[in-house]
Amino acid sequence: MSAVLPPQPWMADPATLAVIEALAVDAGPEGARFVGGCVRNTLIGAPVTDVDIATVLTPPKVQEALKKAGIAYHLTGEAHGVVTAIYMHRLIEITTLRRDVETDGRHAVVAFTTDWKQDAERRDFRLNAIYADVGGRLYDPTGEGIADARAGRVVFVGDPQTRIREDALRVLRFFRFRAWYGRGEPDRASLAACAALKDFTLRLSAERVAKELLTLLAAPDPRAAVRLMAEAGVLEVILPEAKDLARFESLVAIESEQFLGEDALLRLAALARVGRAGAWALADRLRLSGAQKSRLGEAVSPDAAIVSWMSPKAVRQSVWRLGLEAFCDKVMLAWAGAERGAAAVQWRALPPMARSWPRPAFPLSGEEIMAAGVPRGPLVGKVMAEVEAWWIDNDFPSDKLAVIERLKAVAQGMAY
């Protein structure tokens with residue numbers, strides 16, 4: 001008897017059912033099945049965030065079926081058989097069954113098929129080549145996908161080197177899936193193929209590498225997968241800046257112990273032994289966003305003021321100077337790079353202390369400074385800077401009268 005998924009909310013979701021029913025009009029009850037992450041994650045009890053459907057219908061037929069059902073769509077990649085349905089604010093990716101005709105490690109020319117086994121054979125890993133119909137009945141063309149998913153095995157479909165030569169990104173995907181779903185010893189043939197063809201990843205676009213790398217680093221505990229990447233020589237190829245595995249592993253441990261959640265960008269900063277300029281160069285190479293580039297550069301920049309024994313006043317001064325995010329990033333990296341021991345108690349106190357402080361606004365405006373007799377022009381900024389320095393040094397007093405008195409004293413002492 002075939003294995004069957006237990007009923008799931010995503011399977012009974014009105015948007016999912018509407019799309020499946022629209023396709024079934026032309027494809028028949030066996031012509032559209034769920035595939036990939038939604039099936040795999042349900043099998044292993046992991047959350048399902050996206051629903052993907054595979055179908056025997058060609059892209060034009062998919063579009064026609066959706067149109068007849070009143071379901072909006074956009075062409076995500078028609079040449080590769082991908083159409084995204086949009087219904088009830090949900091996005092559902094629909095892919096026509098396909099087989100590879102020509103591959104070069106980056107792009108593939110595909111031909112559409114109605115053969116589910118052919119479609120499974122061109123997928124990356126056996127645990128991603130499992131299909132389920134609308135009733136939850138499972139189809140496992142490779143014969144090993146269900147067992148792999150349940151056992152936490154990440155194994156290429158067919159010959160690993162062939163799969164990688166079709167798409168070099170599969171090297172990174174192997175380690176990403178190990179980070180998220182792998183258990184036990186890695187598949188030796190798959191690992192050996194990744195090591196042998198690691199230089200194929202140099203053909204990949206920076207955007208694809210960055211997406212896979214950050215997704216890998218966002219796993220609850222990616223330490224074993226990153227160590228495996230390093231041992232296989234893959235990490236050195238895609239991230240030559242990754243010289244601090246010890247700090248990275250310490251950061252992941254701290255995040256776990258403190259229930260802080262997974263911060264992929266900060267983990268990248270922990271891995272990279274670079275300064276601000278090196279972090280910017282890394283961000284440019286990976287085509288990270290401007291905000292990510294800025295954060296990465298600030299996080300790795302040395303700051304002598306960040307120490308485990310900071311007083312509450314020193315914490316507030318650093319948060320004012322750096323901003324909350326940069327301060328906490330620097331603390332986490334310094335803590336991860338420090339010797340584990342008694343100082344951990346001190347490090348642990350700093351981020352909550354910083355987050356609990358409602359950062360005040362500087363209580364003076366330029367108009368108020370000029371009202372104190374300072375003429376319009378550069379002196380306004382000079383007076384403001386001096387009063388602000390006094391305000392910071394006195395731990396951000398909220399007494400506006402005291403600030404005004406200090407302004408008067410500074411203004412009187414200035415030579416106009």
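Hydrogens, waters and symmetry mates are skipped; everything else that's a heavy atom, side chains included, is used. Start at 1 with the first residue, then count along the sequence. From a predicted model like this one, the values you see are computed outputs, not experimental measurements.
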Looking at [Y], I'd like to know if the NZ or CZ of [X] sits under 6.0 Å from its six-membered ring centre while staying within 45 degrees of the ring's axis.
X: Arg316; Y: Phe396; answer: no
X: Arg40; Y: Tyr181; answer: yes
X: Arg90; Y: Tyr87; answer: no

Got a salt bridge between [X] and [Y], using NZ or NE/NH1/NH2 to carboxylate O under 4.0 Å?
X: Arg33; Y: Asp119; answer: no
X: Glu231; Y: Arg227; answer: no
X: Arg122; Y: Glu166; answer: no
X: Arg126; Y: Asp148; answer: yes
X: Lys293; Y: Asp284; answer: yes
X: Arg295; Y: Asp263; answer: yes
X: Asp221; Y: Arg223; answer: yes

Short side-chain to backbone donor-acceptor contact, [X] and [Y], under 3.5 Å:
X: Gln258; Y: Ser256; answer: no
X: Ser301; Y: Gly297; answer: yes
X: Lys330; Y: Glu298; answer: yes
X: Arg267; Y: Glu262; answer: no
X: Thr95; Y: Val82; answer: no
X: Trp391; Y: Pro397; answer: yes
X: Lys400; Y: Pro363; answer: yes
X: Thr55; Y: Ala32; answer: no
X: Thr84; Y: Thr76; answer: no
X: Glu368; Y: Ser365; answer: yes

Distance (rounded to the nearest 0.5 Å) between [X] [atom1] and [Y] [atom2]:
X: Leu282; Y: Leu239; atom1: CG; atom2: CG; result: 6.0 Å
X: Leu333; Y: Cys328; atom1: CG; atom2: SG; result: 11.0 Å
X: Gln118; Y: Arg98; atom1: CD; atom2: CZ; result: 13.0 Å
X: Trp347; Y: Ile254; atom1: CH2; atom2: CD1; result: 9.5 Å
X: Glu255; Y: Met332; atom1: CD; atom2: CE; result: 5.5 Å
X: Asp124; Y: Arg173; atom1: CG; atom2: CZ; result: 4.5 Å

Do Phe34 and Leu5 pass the side chain to side chain contact (heavy atoms under 4.5 Å, CB included) test, and can you show the C-alpha distance, the side-chain angles, and the key distance before you say yes or no? CA-CA 11 Å; Phe34 302 114; Leu5 293 178; over 6 Å; no
Heavy atoms from other residues, nucleotides or ligands near [atom1] of [X] exceed 12 (cutoff 6.0 Å):
X: Glu30; atom1: CD; value: yes
X: Arg376; atom1: CZ; value: no
X: Lys313; atom1: NZ; value: yes
X: Trp357; atom1: CH2; value: yes

Verify whether one side chain among Glu388 and Trp320 offers a donor that lies under 3.5 Å from an acceptor in the other.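 Indeed, the side chains of Glu388 and Trp320 share at least one donor-acceptor pair under 3.5 Å.
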Quick check: closest heavy atoms across Ile238 and Arg285, and the distance to 0.1 Å?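 Nearest pair, atom of Ile238 first, then Arg285: O-NH2, 3.3 Å.
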Could you go through the side chain to side chain contact (heavy atoms under 4.5 Å, CB included) check for Leu172 and Leu216 one step at a time? CA-CA 9 Å; Leu172 304 188; Leu216 186 162; over 6 Å; no
May I have the step-by-step check of side chain to side chain contact (heavy atoms under 4.5 Å, CB included) for Val171 and Leu204, ending in yes or no? CA-CA 11 Å; Val171 171; Leu204 297 169; over 6 Å; no
Check the pair Leu288 / Leu214 against side chain to side chain contact (heavy atoms under 4.5 Å, CB included), numbers first and verdict last. CA-CA 10 Å; Leu288 300 183; Leu214 290 175; 4.1 Å; yes
Given Leu191, which of Leu228, Val234, Val154 fulfils the side-chain contact (heavy atoms from CB on, under 4.5 Å) condition?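 Testing Leu191 for a side-chain contact (heavy atoms from CB on, under 4.5 Å) against Leu228, Val234, Val154 leaves exactly one candidate, Leu228.
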How about Phe125 and Phe156: are their ring centres within less than 6.0 Å of each other?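 Between Phe156 and Phe125, which both carry aromatic rings, the centre distance is below 6.0 Å.
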